[in-house]
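Written below as structure tokens is the structure these notes are about.
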Amino acid sequence: KGFEELDYNWKFGHAPVPEPWSKNSILFASGSDQALRVADTTDLSFGDSTNDTPFSVSFWMNWNSAVSADQYFFSKGDGALNAEYEAYFDHSTSRIVVELQDSDISKRVWAEFPFVASTYLGVWTHIAITYSGVGGSSAKNGIKLYVNGTEVAAAVTNGIGYTAMHNTSQFFRISSAQQSAASSVDRAFDGYLDDFAVWKGQALTSAQVTSVYNKGCPTNNLLLSGSGDIVAYWRMGDGPDSQQSSYGTVYDFTGNGHSATALNSPTLAQGISPGDSSCPSFIDFNKNCLWWSQRAERGAVEFKSALSPN
């Protein structure tokens with residue numbers, strides 16, 4: 001007999017094994033121009049040239065070296081006449097800048113939030129950016145930033161000739177400034193990113209951001225209030241991502257099909273993720289589980305022990 005064979009519940013199988021929501025992340029290495037690119041989709045555009053739509057973006061970040069230049073979190077546009085939005089760390093001002101663009105990059109609104117990079121070096125940090133969708137000259141006041149669940153007051157808000165974002169045909173990029181060429185990367189992020197989600201049609205409330213932050217423990221955003229508005233969700237190294245033999249795609253966990261293509265080979269960082277041993281575990285009924293989700297009596301199944309000569 002195999003180990004514990006006599007104790008096994010051959011009739012119903014074993015219960016699923018609880019695991020942390022996040023066990024891995026993706027490392028974007030310094031100086032390597034590594035990023036993720038997502039094909040254009042209306043799910044990731046938030047304006048129609050006349051009116052804006054509320055949206056929210058949430059992710060975990062961890063810088064692994066001192067920041068000495070601007071670094072981008074995400075963007076959509078070509079950096080010229082087909083620009084939509086971008087969010088990045090401005091090294092010269094020590095601020096996170098969120099900018100919305102009215103197609104022509106010269107027509108825009110932006111908000112700047114104090115963010116001392118050295119405070120967050122080597123530390124997992126949760127970032128949430130929300131926009132109310134108000135549009136027009138008031139759009140700059142509709143942008144909010146939350147760091148580890150706490151709203152940060154804007155140091156600067158400004159705007160130039162802005163009406164609304166446009167729905168362009170440009171790529172959505174993670175860890176890169178806007179670019180016109182498909183494979184180009186500029187001012188990439190340097191460090192680890194994890195659990196990256198986008199909501200369309202909803203500016204998360206303070207209470208909802210608190211739930212997403214979850215006291216420093218990544219959680220399944222699809223189970224939280226407002227999850228119906230999540231249009232893309234990249235777990236960054238967990239789920240199907242961790243099962244690739246050649247790491248080139250980051251899968252969209254929503255099922256909407258917005259998988260991201262890796263540019264210049266960012267790497268899977270196994271065992272490096274936000275949270276710690278105190279974080280709650282989740283049960284995946286499709287993993288580490290024999291028959292449990294059905295809980296129905298099964299017929300005879302042949303098992304061969306590794307100790308068996310046959």
Side-chain angles (χ1 to χ4, degrees), residues 14-38 57-67 71 73-74 89 117-128 147-149 174-176 185 188-198 211-224 232-254 259-290 306:
H14 66 275
V17 178
E19 296 180 332
W21 176 249
S22 176
K23 296 188 295 183
N24 308 311
S25 59
I26 293 180
L27 172 62
F28 299 83
S30 176
S32 299
D33 286 336
Q34 295 172 338
L36 302 177
R37 182 191 69 211
V38 181
V57 178
S58 162
F59 58 92
W60 293 83
M61 56 161 277
N62 186 345
W63 274 313
N64 64 351
S65 62
V67 181
Q71 295 188 18
F73 303 122
F74 62 89
F89 175 73
S118 59
T119 302
Y120 302 98
L121 180 62
V123 178
W124 279 106
T125 305
H126 181 254
I127 302 293
V147 176
N148 291 335
I174 296 173
S175 176
S176 176
V185 179
F189 182 79
D190 173 18
Y192 303 92
L193 291 175
D194 197 20
D195 223 47
F196 199 113
V198 180
S211 295
V212 174
Y213 173 57
N214 195 33
K215 299 180 180 179
C217 297
T219 189
N220 185 351
N221 292 320
L222 295 178
L223 300 180
L224 302 178
Y233 190 4
W234 302 281
R235 293 189 61 189
M236 299 288 197
D238 290 292
D241 295 347
S242 63
Q243 299 165 18
Q244 299 180 75
S245 56
S246 178
Y247 195 67
T249 301
V250 179
Y251 294 98
D252 175 12
F253 194 60
T254 66
S259 294
T261 299
L263 302 176
N264 300 323
S265 304
T267 57
L268 174 66
Q270 292 183 317
I272 300 176
S273 63
D276 54 33
S277 59
S278 68
C279 291
S281 296
F282 288 78
I283 292 176
D284 183 350
F285 286 97
N286 297 307
K287 186 177 180 182
N288 292 331
C289 174
L290 176 63

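In this chain, numbering begins with 1 at the start of the sequence shown.
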field: Pairwise distance CG(L263) to CG(L36) - rounded to 0.5 angstrom
entry: 7.0 Å

- prompt: Could you walk me through whether Y192 and M236 pass the side-chain contact (heavy atoms from CB on, under 4.5 Å) check?
  reply: CA-CA 9 Å; Y192 303 92; M236 299 288 197; over 6 Å; no

message: Under a 3.5 Å threshold, yes or no: a donor from one side chain and an acceptor from the other, between D241 and W234?
response: no

message: For the OG atom of S32 and the CG atom of D190, what is their distance to the nearest 0.5 Å?
response: 8.5 Å

Close side-chain approach of F89 and Y120, heavy atoms under 4.5 Å: no

statement: Separation between CZ (R235) and OG (S25), nearest 0.5 Å, reads 12.5 Å

message: With a 3.5 Å distance limit and no angle check, can you tell me whether N24 reaches the backbone of G271 through a side-chain donor-acceptor pair?
response: yes

message: Measuring only between side-chain heavy atoms, which start at C-beta, is N64 closer than 4.5 Å to L27?
response: yes

- request: Take L193 and N62 through the test side-chain contact (heavy atoms from CB on, under 4.5 Å) and record every step on the way to the result.
  value: CA-CA 7 Å; L193 291 175; N62 186 345; over 6 Å; no

- prompt: Under 30°, 30 to 60°, or over 60°: which ring-plane class applies to F74 and F196, parallel, tilted or perpendicular?
  reply: perpendicular

field: For Y251, all residues meeting ring-ring contact (aromatic ring centres under 6.0 Å, His included), sequence neighbours excluded
entry: none

- prompt: Do you know the tightest heavy-atom contact between A35 and F28?
  reply: CA-CE2, 3.8 Å

task: Please report the shortest heavy-atom distance between F59 and H126, naming the atom on each side.
output: O-CD2, 3.4 Å

field: Distance-only side-chain donor-acceptor flag, D194 / S22, under 3.5 Å
entry: yes

Side-chain donor-acceptor distances from residues 216-224 under 3.5 Å, at least two apart:
unit_1 : atom_1 : unit_2 : atom_2 : d
N220   : OD1    : L222   : N      : 3.0
N221   : ND2    : Y233   : OH     : 3.3

- prompt: After noting the C-alpha distance and the side-chain angles of M61 and F73, does the key distance pass the side-chain contact (heavy atoms from CB on, under 4.5 Å) rule?
  reply: CA-CA 9 Å; M61 56 161 277; F73 303 122; 3.8 Å; yes

- prompt: Could you go step by step and tell me if V147 and I127 meet the side-chain contact (heavy atoms from CB on, under 4.5 Å) rule?
  reply: CA-CA 5 Å; V147 176; I127 302 293; 4.0 Å; yes

field: Test item: S58 side-chain N/O and A197 main-chain N/O as donor-acceptor pair under 3.5 Å
entry: no

field: Approximate separation, where rounding is to 0.5 Å, of D238 CG and K23 NZ
entry: 7.0 Å

message: Restricting to non-hydrogen atoms, name the atom on S242 and the atom on L268 that form the minimum distance, rounded to 0.1 Å.
response: CA-CD2, 4.1 Å

Side chain to side chain donor-acceptor pair (under 3.5 Å) between W21 and D195, intermediate numbers included: CA-CA 9 Å; W21 176 249; D195 223 47; 3.2 Å; yes

- prompt: Are the side chain of S175 and the backbone of F189 linked by a donor-acceptor contact shorter than 3.5 Å?
  reply: yes

message: Could you work out, with side-chain contact (heavy atoms from CB on, under 4.5 Å) as the rule, every residue matching N264, not counting sequence neighbours?
response: D33, Q34, V185

query: Between the side chain of T125 and the main-chain N/O of V123, is any donor-acceptor distance below 3.5 Å?
result: yes

message: How long is the straight-line distance from CD1 of I26 back to OG of S273, given to the nearest 0.5 Å?
response: 12.5 Å

